[in-house]
Amino acid sequence: MQIYCHHGEVRQALKVDKSGYRCYSPEDAEVSDVKKFRTIEAAAVFLIRNPDWGILVEAGTTYGQFDKPVVAYHSLSIELR
């Protein structure tokens with residue numbers, strides 16, 4: 001399974017160390033509002049039930065420069081494999 005966004009380039013959901021995947025509320029991407037999931041499946045179920053929430057995605061490249069990880073709220077896709 002994959003969760004990714006496609007804002008000009010595809011960025012996959014980022015697993016953060018042992019804590020797993022992180023979803024953030026639509027109001028504020030503060031640490032206090034974060035929901036942590038050990039598996040990508042659990043994060044996917046949460047995002048389906050809470051479509052206004054976002055997920056931390058990997059860094060991409062923009063014009064040859066490295067970008068930083070961001071919270072993606074729109075253009076999210078969940079792909080079953």
Side-chain angles (χ1 to χ4, degrees):
M1 175 178 279
Q2 288 183 317
I3 300 174
Y4 59 92
C5 72
H6 40 87
H7 290 284
E9 64 183 357
V10 175
R11 294 183 183 198
Q12 293 186 13
L14 181 65
K15 187 172 185 179
V16 181
D17 300 324
K18 295 178 183 179
S19 64
Y21 300 91
R22 297 180 181 180
C23 293
Y24 294 85
S25 79
E27 287 84 30
D28 200 3
E30 294 292 325
V31 176
S32 61
D33 295 334
V34 70
K35 302 279 187 203
K36 297 178 183 177
F37 301 94
R38 291 187 185 263
T39 67
I40 197 164
E41 292 84 3
V45 168
F46 179 81
L47 288 170
I48 289 168
R49 292 180 179 164
N50 300 278
D52 53 340
W53 281 61
I55 191 165
L56 187 66
V57 295
E58 67 189 356
T61 57
T62 306
Y63 304 110
Q65 297 179 355
F66 287 102
D67 203 1
K68 61 182 180 178
V70 297
V71 177
Y73 291 98
H74 306 286
S75 300
L76 293 177
S77 297
I78 298 171
E79 183 176 292
L80 302 174
R81 288 190 173 209

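Quick caveat: nothing in here was measured; it's all calculated off a predicted structure.
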Partners passing side-chain contact (heavy atoms from CB on, under 4.5 Å) against Q12 (at least two apart in sequence or in another chain): Q2, Y4, E58
To the nearest 0.5 Å, tell me how far I3 CD1 sits from L76 CG. 8.0 Å
Measuring from L56:CG to K36:NZ, what's the distance to the nearest 0.5 Å? 11.5 Å
Is the closest side-chain heavy-atom distance between I55 and V57 below 4.5 Å? yes
Is the gap between the ring centers of Y73 and W53 under 6.0 Å? no
Let me have the donor-acceptor pairs involving side chains of residues 14-23, under 3.5 Å, with sequence neighbours excluded, atom names and distances please.
unit_1, atom_1, unit_2, atom_2, d
S19, OG, V16, O, 2.9
S19, OG, R22, NH2, 3.3

Could you note down all residue pairs passing salt bridge (charged side-chain N to carboxylate O under 4.0 Å, His left out) where residues 69-79 supplies at least one of them, sequence neighbours left out? E79-R81
